[in-house]
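Reading through the structure tokens given below for one structure.
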Amino acid sequence: MSLTIYNTLHRKKEIFEPIKPPHVGMYVCGPTVYGDAHLGHARPAITFDIVFRYLMHLGYKVRYVRNITDVGHLVNDADAGEDKIGKKARLEELEPMEVVKYYTDRYHKNMDQLNILHPSIEPTASGHMIEQIEMVRKIIENGFAYEAKGSIYFDVEKYNKDHNYGKLSGRKIEELRENTRELAGQEEKKNSFDFALWKKADPTHLMHWPSPWSEGFPGWHMECSAMGAKYLGETFDIHGGGMDLLFPHHESEIAQANAANGHDAVKYWMHNNMITVEGQKMGKSLNNFITLDEFFSGNQEKLTRAYSPMTIRFFILQAHYRSTVDFSNEALQAAEKGMKKLFETVKLINNLQVSKTSSVEVQPFEALCVKAMDDDFNTPIVLAHLFDLSRIINQVNDGSATLTAKDIEFVKSLYNTWLIGLLGLHDEKGEDDSQLVEYLMGTILELRASAKVNKDYATADKIRDELAKLNIQIKDTKDGAKWGFK
RNA sequence: GGUACCGUGGCCGAGUGGCUAGGCGGUGGUCUGCAAAACCAUUCACGGCGGUUCGAAUCCGUUCGGUACCUCCA
């Protein structure tokens, strides 16, 4: 059995064979830091976190690069020619890099909450201008780009003579030609489907850099090509991102790599599917655009209550990454219950009755989990196996099944490896312990107070003595009992 | 309109030719001072039509429906 990955390039599952084992290079398109992270950011982050964890588990030395896009993207057609981050900056009268820092920090906080491992390298587009300009230069040199009024465009038609522009997305250049829309700035291009490698900045543009062609900014496909090549080499193993990036972003990356270096950069293209909210696309205009912070706080009108980061993570893992996943309060609450149940049984493992023999076989579960994961990271199946195993634990706890000490130890390590290590889930209950302790002590002190009122001093003293053993001291004051740690 | 993906039980969601997915919910039971949890049993399925096959949720055709992309939007 070996790991298979669905390669979008060939529309089928392929056995994973690294280019230079034991090393694996993986590049994933990261966020544009101009707003708070939402579910659309959580999905790829979690998907490729699982890939990252599993590859390391298999013993590979993985370099995982996930970029931060901090330059040069547009708000929408109404704001054509305006930098996405620049626009936000002017609205709020902030320096662009101040906006970048603010949202980058918030993104990192959300990712930590979701228990997503940090990538090995997290390069920024603004920090790699030289590399991007250099790559544009190479593409021009090789004859696949042209200049128009200080901007550089990729000549798709010319490229397509010897290469296949559309091999990833299944598009044909003839069809693209028919689907032309009238857009500002189009007249600079030879063909509507040509894309910018370098764009001259207009005077209102806040973020711009010098280049051989103009004061401007790089085209939006450039950073991934340039930074992927810089940190992972001209060819590397995995490139990931959302399905929405398939065209034109990743298609254009392929074209750029071939135009610059004469060959593909990526062996396996992986794409996670999209997220819907109550069956609808998530969009600001639809009022179902929910940020991660809003999920965690429950402070959004679509949400009936808050959902913890682990609930979100669990819910996403309960669907395969190539399926769409639909968010609703009902579905989230079901996921939350299931996850809690799973962690309840995990806690039972330490207190199970040890038997001389096992009435059920637990050893096969390891292979089952491996099989599921090897099959294109099928996390829902892994979870299903863990649920099956949890029933066995409950049965042992109930006395209707038995396990040897060795098997109990095995089960424990299985959960540690799979549930906690590879799926990256953990029990959140302990996290608000202090609040819980406050509450518990309140209840206990009330009981003791009513015992004292009933002159049941034996009970009152017993409570005080037992708590003392736990290093908790009770002080009877005029205003009632207080407590503290000794 | 083009390209790609998808349509599974009350809900979410696996499954690619024959063998129980799993979770949540529902129902009955065991346990229990009551409740909860747990355990046991059980309910509900593969959009429609046609085809291939001994046999299809799984393959093929067709139709209907959904989603995403088709813009210098991750």
Side-chain angles (χ1 to χ4, degrees), chain A residues 8 11 28-35 37-38 40-41 44 67-69 72-77 79-84 151 153 166 168-172 174-186 188-189 192-199 217-224 241-252 271 273-276 279-281 314-315 318-320 322-339 341-342 344-345 348 372 375 378-388 390-391 393-395 397-401:
Chain A
T8 315
R11 311 271 167 199
V28 174
C29 293
T32 301
V33 281
Y34 74 113
H38 51 79
H41 296 100
N67 64 298
I68 295 276
T69 297
H73 294 299
L74 303 174
V75 176
N76 56 41
D77 52 356
D79 304 295
E82 202 168 10
D83 187 299
K84 211 179 209 179
S151 294
Y153 293 100
L168 180 68
S169 59
R171 284 181 167 76
K172 300 266 181 290
E174 295 76 29
E175 287 159 358
L176 291 171
R177 201 190 303 278
E178 289 162 16
N179 286 312
T180 305
R181 278 199 233 174
E182 292 302 319
L183 283 165
Q186 288 284 40
E188 285 178 9
K189 299 192 212 169
S192 61
F193 44 69
D194 288 349
F195 55 90
L197 298 178
W198 184 265
K199 188 77 181 161
F217 54 92
W220 65 299
H221 314 305
M222 215 53 239
E223 60 177 283
C224 294
M243 248 177 207
D244 51 335
L245 298 177
L246 224 112
F247 189 89
H249 186 52
H250 291 159
E251 193 69 65
S252 300
H271 293 91
N273 213 321
M274 308 311 287
I275 273 164
T276 55
Q280 277 188 305
K281 174 193 175 176
F314 181 88
F315 184 64
Q318 241 187 344
H320 187 260
R322 283 189 289 113
S323 299
T324 53
V325 61
D326 186 54
F327 276 72
S328 64
N329 284 288
E330 198 186 3
L332 279 167
Q333 283 165 28
E336 183 188 81
K337 272 193 123 162
M339 181 178 69
K341 184 177 145 185
L342 203 50
E344 281 305 311
T345 50
L348 289 175
D375 185 13
N378 201 326
T379 54
I381 296 286
V382 173
L383 280 170
H385 291 318
L386 296 180
F387 272 110
D388 285 340
S390 90
R391 186 186 295 118
I393 292 166
N394 282 320
Q395 284 170 346
N397 187 54
D398 237 47
S400 58

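Not measured: the values here are computed from a predicted model. Labels below follow one simple rule: chain letters A, B, ... track the order of the sequence lines, proteins then strands, and each chain is numbered from 1. In what follows, every heavy atom counts, from backbone to side chain, and hydrogens, waters and symmetry copies are set aside.
Using a 4.0 Å heavy-atom cutoff across all strands shown, A:N397 reaches no nucleic acid atom at all. Heavy atoms of A:S323 sit under 4.0 angstrom from primed sugar atoms or phosphate atoms, though from no base atom.
Between the CD1 atom in A:I393 and the OG1 atom in A:T345 there is a gap of 5.0 Å [rounded to 0.5 Å].
Nucleotide B:G61 forms a pair with B:C49, judged by Watson-Crick or G-U wobble geometry with both contacts under 3.5 Å.
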field: Contact letters for nucleotides 64-69 of chain B, in which S counts primed atoms plus P, OP1 and OP2 and B counts the base, heavy atoms under 4.0 Å
entry: ---SSB
- prompt: What string of B, S and - do you get for nucleotides 27-37 of chain B 5' to 3' if you count protein non-hydrogen atoms under 4.0 Å?
  reply: -----------
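By the side-chain contact (heavy atoms from CB on, under 4.5 Å) test, A:T324 pairs with A:N273, sequence neighbours left out. Checked against ring-ring contact (aromatic ring centres under 6.0 Å, His included), A:H41 has the following partners two or more places apart in sequence or in another chain: A:H38. A search for salt bridge (Lys or Arg N to Asp or Glu O under 4.0 Å) contacts involving A:R171 returns nothing, not counting sequence neighbours.
Residues A:P31 and A:I68 meet the side-chain proximity criterion, which asks for heavy atoms closer than 4.5 Å.
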Pairs under 3.5 Å (N/O, protein and nucleotides 7-12 of chain B):
| unit_1 | atom_1 | unit_2 | atom_2 | d |
| --- | --- | --- | --- | --- |
| B:C11 | O2' | A:E330 | OE1 | 3.4 |

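Sequence order on RNA chain B of the closest nucleotides to A:A384 and A:G170 puts A:G170 first from the 5' end.
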